[in-house]
Amino acid sequence: MNQTISPTVEDYLKAIYKLQRRQGRVTTSAIAEKLGLSNATVTAMIKKLARKKLLKHISYHGVILTAKGEQMALKVIRRHRLVELFLNEILGLEWDKVHVEAEKLEHVISDEILDRIDCVLGYPKTDPHGDPIPTKDGRIEGFKETLSLADTEVGDTVVINCVSDTDSDKLRYMAELGLFPGVSVNVRDKTPFGGDIFIRVGSSEHRLPVSVAKDIYVSQVSKER
Ligand SMILES: [Zn+2]
């Protein structure tokens with residue numbers, strides 16, 4: 001049984017889910033910024049989604065997805081991330097190119113094709129950027145994207161969990177430096193006032209712009225002062 005749901009609604013649910021997961025509070029302006037739309041457009045759509053019982057308002061807080069809204073969001077995210085991995089692993093498309101394609105295919109791919117992709121890939125748990133793939137029954141496991149490489153301190157050793165998938169130029173740059181999920185990074189030095197970060201990856205040292213470091217989410221492994 002498939003309820004028809006428009007690509008636009010799917011994009012909203014996905015954006016709200018990600019904001020919820022990252023920062024808890026989801027305001028109209030945060031959604032507008034994420035989707036590149038005006039506040040007025042977003043306000044109108046929020047009313048529509050509330051009528052459909054996909055989200056609800058919480059006074060002075062913003063919106064939160066209902067269980068139904070969350071399940072729909074997780075379905076789109078599952079399609080997106082499985083498609084990305086399929087394009088990358090099976091078709092050999094570079095990790096900086098798969099996101100744009102998945103943004104389109106996530107709205108049209110059938111459950112049957114998706115199941116086969118899942119099977120061919122061996123029921124994977126993460127996509128090429130390290131993001132967790134929701135299960136078929138709508139569960140999602142894994143870390144929260146709370147600590148970025150930009151938030152680390154000199155002497156920290158961290159391991160990369162995931163990287164933001166939207167900026168192709170940054171993804172190509174990260175690939176050149178070997179900054180992939182699972183790789184460990186040692187923070188050697190930082191320039192003051194939120195400037196560049198000097199890191200060691202394997203046997204090489206790099207100077208990383210903070211704008212790139214902000215897009216890399218990590219877990220702390222050890223501290224050395
Ligand atoms: Zn993506």
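Just follow the structure's listing: the first ligand is 1, and inside any ligand the first atom is 1. For reference, positions follow the sequence shown, starting with 1.
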Main-chain N/O of Val221 paired with Thr157 side-chain donor or acceptor, under 3.5 Å: no

The salt bridge (Lys or Arg N to Asp or Glu O under 4.0 Å) partners of Lys104 (sequence neighbours excluded) come to Glu101

Using a strict cut-off of less than 4.0 Å between a Lys/Arg side-chain nitrogen and an Asp/Glu carboxylate oxygen, indicate whether Arg81 and Asp165 qualify as a salt bridge. no

For Lys14, which residues count as a salt bridge (Lys or Arg N to Asp or Glu O under 4.0 Å) partner, sequence neighbours excluded? Glu103, Glu106

Leaving waters out, which protein N, O or S atoms fall under 2.8 Å from the Zn ion (ligand 1)? His80 NE2, Glu84 OE2, His99 ND1, Asp165 OD2

Can you name the one residue among Arg79, Arg78, Lys75 that meets salt bridge (charged side-chain N to carboxylate O under 4.0 Å, His left out) with Glu10? Arg79

Using atom types as modelled, flag every donor-acceptor pair under 3.5 Å from a side chain in residues 171-183 to any protein atom, sequence neighbours excluded.
| residue | atom | partner | partner atom | Å |
| --- | --- | --- | --- | --- |
| Arg172 | NH1 | Asp96 | OD2 | 2.9 |
| Arg172 | NH2 | Asp169 | OD1 | 2.5 |

